[in-house]
Protein chains: 2
Amino acid sequence: MGRHREFDVEQALDAALCVFWRKGYEGASYADLTAAAGVERPALYSAFGNKEELFRKALQRYYERFLHYMPEALMLPTSREVAAHILYGAVDLNTRFDDHRGCLYINGVLAGSDEAEPVRQVLIEGRAIAEREIRERFERAKAEGDLPESARPDALAAFLMAVTHGIAVQAKAGFSRQTLEGVAEQALMSWPSADSGQGV
Amino acid sequence: MGRHREFDVEQALDAALCVFWRKGYEGASYADLTAAAGVERPALYSAFGNKEELFRKALQRYYERFLHYMPEALMLPTSREVAAHILYGAVDLNTRFDDHRGCLYINGVLAGSDEAEPVRQVLIEGRAIAEREIRERFERAKAEGDLPESARPDALAAFLMAVTHGIAVQAKAGFSRQTLEGVAEQALMSWPSADSGQGV
DNA sequence: GCTGTTTCATAACGACCATTATTAAACCGC
DNA sequence: GCGGTTTAATAATGGTCGTTATGAAACAGC
């Protein structure tokens, strides 16, 4: 019973996601959010809670809708294919939308006021989870002989994430897809092969 | 004539730099800045102008005081030494101070409100200048035969900057110096040598 | 057609933002 | 010591922040 909701909650969340993606957590104001969602403030609060909860839901949606290339990558047969899929997937996603470039896990909060600290930690934690999964995948690759004994799965995972973060920063700065593909390509040149010690 | 200034302007600028370094441009409030500088608001305004001008001066100081490893690197004899010096220099700087980790050129503004757009552009421009200088150094290395004909100076420079940015993000997230040195080391494994085509 | 419930839009809330008027205090040259 | 000038500290400015109280409107069940 009661009055029906007149707006699409999923659509409003998508709109909020775009704003956060573009301006970050603290840079996005409710004026921005309501304008993008086409919905008044109290509607956002009743549907999603406060700003922090709204961001968390937007982040979850971001993961589900745009980061599918991550679990995809982990299932590929070789560590090199895993790395390549992640790098080119990141380049593609970070340059796909002109009005919100880069990665929400980086744009969300990097440095900010004390109020944004919980959100910053959420993003750090999310990135750490991804890095751990990649490391475990590389440990498997090493056990399978896909990576040489000299390879260090933890360093490779941290390196791969670092390049991904760097690509996100550069994408947000306006770098072309083509340039970033060059970055990804360069990163892959270092990839250890099974026979040689390290490098191509 | 007139009353003498009772605080050290250089010291106040150093304090402001630390706050911006830690919290970014928008995350730093005048409450933070005055507390750190030990000086009231009007003193900061009369000495440095408004917040944007203060940030620009802090950024200039950051460059002069902490980024000396950049011009240093460009003078080294081989492109590999250049890259190594930049990478390990970034790791060192980005983990040197526990209360303000990472890089001001990244922490300053990545994504923010429209008000921060001019500052964001300043940082983008600064990073672009660095990348250009590195690229030109690599072009010289190619001409000198230090880099092979197959090497792409533009891609190498963009890649080097990407790894540096990634290291900055990870340093801000709390990664240890040791871990980040692993990232730098991994990045250097891809470095083209004069004789082989690419890679080690 | 009521009653109870939920959503809607408007507008207000206190807090904090960057910025600046204002006034008192400290200094130099005379 | 007085006049002119600069700085210091306090406090106020208008604006925007995130959040919510308020009352009208729309619905379901009886």
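These values consider heavy atoms only, across backbone and side chains, with no hydrogens, waters or symmetry-generated copies. Each chain gets a letter, A, B and so on, in the order the sequences are listed, and its residues count up from 1.
Counting only residues at least two apart or in different chains, ring-ring contact (aromatic ring centres under 6.0 Å, His included) contacts with residues 20-42 of chain A comprise A:F20-A:F55, A:W21-A:Y62, A:W21-A:F66, A:W21-A:F97, A:W21-A:H100, A:Y25-A:F55, A:Y30-A:Y45.
Side-chain N/O atoms of A:Q121 and A:E125 include no donor and acceptor closer than 3.5 Å.
When distances are taken from the side chain of A:A43 to each of C:dC8, C:dA18, D:dT19, the shortest belongs to C:dC8. When the nucleotides D:dT19, C:dT20, C:dC17 are ranked by their closest atom to the side chain of B:Y45, C:dT20 comes out on top. Comparing C:dA11, D:dT10, C:dT19 by their nearest atom to the side chain of B:E40 picks out D:dT10.
Put simply, CG on A:D92 and CG on A:L180 are 11.0 Å apart, with the number rounded to the nearest 0.5 Å.
Sequence order on DNA chain C of the closest nucleotides to B:G49 and B:E6 puts B:G49 first from the 5' end. DNA chain D is contacted by both B:F7 and B:E115; B:F7 maps to the nucleotide lying nearer its 5′ end (nearest heavy atom per residue).
With hydrogens and angles disregarded, no donor-acceptor distance shorter than 3.5 Å links the side chain of A:R135 to the backbone of A:D154. Proximity of a side-chain donor or acceptor of B:K57 to a complementary backbone N or O of B:L13 within less than 3.5 Å is not detected. A donor-acceptor contact shorter than 3.5 Å is absent between the side chain of A:E26 and the backbone of A:G112.
For the OP1/OP2 pair of C:dT7 and a distance below 4.0 Å, the side-chain nitrogens and oxygens of A:S46 include no atom meeting the criterion. A close approach under 4.0 Å does not occur between any side-chain nitrogen or oxygen of A:N50 and OP1 or OP2 of D:dG18.
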Sequence neighbours left out, cut at 3.5 Å: what donor-acceptor pairs do the side chains of residues 70-79 of chain A make with other protein atoms?
residue : atom : partner : partner atom : Å
A:E72   : OE1  : A:H85   : NE2          : 2.9
A:E72   : OE2  : A:H68   : ND1          : 3.3
A:T78   : OG1  : A:E81   : N            : 3.2
A:T78   : OG1  : A:E81   : OE1          : 2.8
A:S79   : OG   : A:D146  : OD2          : 3.3
A:S79   : OG   : A:W191  : NE1          : 3.0

Contacts table for residues 157-170 of chain A: side-chain donor-acceptor under 3.5 angstrom, sequence neighbours left out:
residue : atom : partner : partner atom : Å
A:T164  : OG1  : A:L160  : O            : 2.9
A:H165  : ND1  : A:M161  : O            : 3.3
A:Q170  : NE2  : B:A158  : O            : 3.1

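One atom, CG of B:D32, and another, C1' of C:dA18, lie 13 Å apart when rounded to the nearest Å. Between the P atom of D:dA9 and the CG atom of B:L44 lies a distance of 11 Å, rounded to the nearest Å. Separating the CD atom of A:E52 from the P atom of D:dC17 is a distance of 19 Å, rounded to the nearest angstrom. In this entry the distance linking CG of B:D8 with P of D:dA8 reads 12 Å, nearest Å. Look at OH on B:Y30: it is 12 Å from P on C:dC17, rounded to the nearest Å. At whole-Å resolution of the value, CZ in B:F48 and P in C:dT19 are 14 Å apart. D:dG15 atom P lies 19 Å from atom NZ of B:K51, rounded to whole Å. Note: CG (A:D114) to P (C:dA15) measures 19 Å, nearest angstrom.
Between A:R65 and A:D14 the shortest side-chain heavy-atom distance falls below 4.5 Å.
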Between N or O atoms, less than 3.5 Å apart, protein on one side and nucleotides 28-30 of chain C on the other: list the pairs.
residue : atom : partner : partner atom : Å
C:dC28  : OP1  : B:H4    : NE2          : 3.1

Between the protein and nucleotides 22-25 of chain C, list every N/O to N/O distance that falls short of 3.5 Å.
residue : atom : partner : partner atom : Å
C:dA25  : N3   : B:R3    : NH1          : 3.1

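Residues passing the side-chain contact (heavy atoms from CB on, under 4.5 Å) test with A:V122 are A:R56, A:L59, sequence neighbours excluded.
Within the 4.0 angstrom heavy-atom criterion, no nucleotide atom of any strand lies near B:A47.
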